Amino acid sequence: MDLSYILNELGEDPEQYFGAISPPITQASNFAFSSVASMRAALADEYAHYLYSRGKNPVADILRQKLAALDGAEDALLFNSGASAIFAAVMPNLQQGDHVVSVAHPYTWAAKLFSDILPRYGITVTYVDGRTVEAFERAILPHTKLIYLESPNSWDFAIQDLAAVAELAKAEGIITVLDNSYCTPLYQQPIALGIDLVLQSATKYLSGHSDTVGGVLSGSKERLAKLFGLDYLAIGSGMTPFHAWLTLRGLRTLPLRLQQTSSTAMQVIHWLKQHPRIEQIWYPLDPSFDQYELASQQMQGAGGLFSLALRKVDRIDIERFVESLQHIRLAVSWGGHESLIIPRCAGIPASEFQPNEINHRMCRIYVGLESADYLIADLEQALNTL
Ligand SMILES: *Cc1c(COP(=O)(O)O)cnc(C)c1O
């Protein structure tokens with residue numbers, strides 16, 4: 001399907017709402033029926049009818065159709081956060097005693113689900129270094145039901161060979177789930193590579209303005225209808241009409257924003273690499289990246305998120321560096337209009353910081369929509385304080 005058609009027309013029907021170019025926020029909890037027969041039909045199949053906005057809502061439905069089409073998936077479900085999309089992709093597919101294989105160091109709240117919540121239900125998790133398919137092969141047990149992937153990782157950008165892992169999982173009857181927040185469907189098409197369920201934090205690139213939190217999960221109609229019919233309605237964490245509308249508004253400019261952030265990130269990285277204070281850069285489409293070849297095959301772009309390590313610094317120096325930045329702001333998250341930085345030492349108790357550990361010296365930078373010169377000047381003056 002044509003990208004321009006998806007972003008501008010798919011799922012929209014202006015005649016239903018006075019010809020308005022921007023669809024209205026259908027701020028309604030429930031929908032009325034003209035007959036008991038039509039009410040009965042909706043109660044019997046909420047997946048296909050407007051009944052109550054915990055399930056389906058018109059403006060959310062427009063967004064949902066567009067996101068499914070972008071993913072090349074039969075359908076998608078919307079959530080009020082990326083974390084709830086993770087939860088809904090994982091929990092309903094597992095039973096007591098099952099086993100999960102997860103890539104090492106997934107997103108924080110996926111990791112907490114695996115290490116602190118699943119054990120309550122007798123579900124065990126094996127973490128693997130996902131850079132080789134053999135690691136997955138070795139970790140699979142007779143009761144493995146789900147393989148959880150995140151490619152690239154959003155700190156060190158480690159990548160999994162998605163087609164190869166999907167093929168392995170299919171042969172074993174195991175469901176594959178992938179967090180595609182880093183690439184978005186514009187830069188990586190996991191469904192086409194054989195992944196069963198693909199999720200994203202819509203908080204990041206999809207909405208793109210740092211003003212809403214959301215998530216999306218794409219897959220086959222069969223899987224998602226089953227999920228919707230029970231767990232989705234039971235968890236009750238679907239995206240609300242206003243947040244769907246904000247995400248839809250942001251989505252219209254996704255290709256432009258991704259292009260801009262990628263090209264600026266490349267320029268900033270190019271400048272940083274020649275700076276004597278920079279020891280290492282992690283960016284999947286930089287030729288120095290250890291999985292550059294696989295990244296170039298599997299991804300069509302890499303967005304604005306990268307990490308760097310400062311050379312020969314202590315925690316205090318890193319803190320001075322990030323606090324000296326005037327325009328790149330100290331905050332979690334990414335994917336919005338504004339450039340951000342987060343030093344890994346912010347998540348490490350001060351007494352445990354090891355200056356010799358390159359991972360402790362990492363800072364993750366998100367390049368927003370500012371100009372490269374503006375950001376480089378900011379980085380230069382902050383590096384000069386070291
Ligand atoms: C932010 C993020 C999430 C979680 O999304 P929320 O919208 O914050 O719940 C999941 N995965 C990755 C890679 C993320 O960056």
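Worth knowing before you read on, the calculation uses all heavy atoms, side chains too, and leaves out hydrogens, waters and symmetry mates. All values reported here derive from a predicted model rather than from experimental measurement. In listed order, ligands and their atoms are each counted from 1.
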Residue Trp334 vicinity, atoms of ligand 1 by number, heavy atom under 4.0 Å: 15 (O)
Euclidean distance, Leu217 CG relative to Phe87 CZ, rounded to 0.5 Å: 13.5 Å
Non-hydrogen atom of Gly214 closer than 4.0 Å to ligand 1: yes
is_close_aromatic(Tyr232, Phe79), centroid dist under 6.0 Å: yes
N or O pair under 3.5 Å between Ala202 and ligand 1: no
Gln326 backbone acceptor or donor facing Asp378 side chain under 3.5 Å: yes
Where ligand 1 meets Ala83 - atom numbers and elements under 4.0 angstrom, heavy-atom basis: 4 (C), 5 (O), 6 (P), 9 (O)
Residues in salt bridge (charged side-chain N to carboxylate O under 4.0 Å, His left out) contact with Arg64, at least two apart in sequence or another chain: Asp61, Asp75
Closest protein heavy atom to atom 11 (N) of ligand 1, given as residue, atom name and distance to 0.1 Å: Asp179 OD2, 2.6 Å
Taking atom 8 (O) of ligand 1 as the reference point, the nearest protein heavy atom with its distance: Tyr107 OH, 3.8 Å
Tyr205 and Trp334 aromatic ring geometry - parallel, tilted or perpendicular at 30°/60° bounds: perpendicular
Residue list, side-chain contact (heavy atoms from CB on, under 4.5 Å) with Pro355, at least two apart or on another chain: Asp314, Phe353
Proximal candidate to atom 6 (P) of ligand 1 [heavy atom criterion; set Gly82, Ala110, Ser154]: Gly82
Identity and separation of the nearest protein heavy atom to atom 2 (C) of ligand 1: Lys204 NZ, 2.5 Å
Any N or O of Glu150 closer than 3.5 Å to N or O of ligand 1: no
Pair Glu279 + Arg361: basic N to acidic O under 4.0 Å: yes
Atom indices of ligand 1 within 4.0 angstrom of Thr203 heavy atoms, with elements: 6 (P), 7 (O)
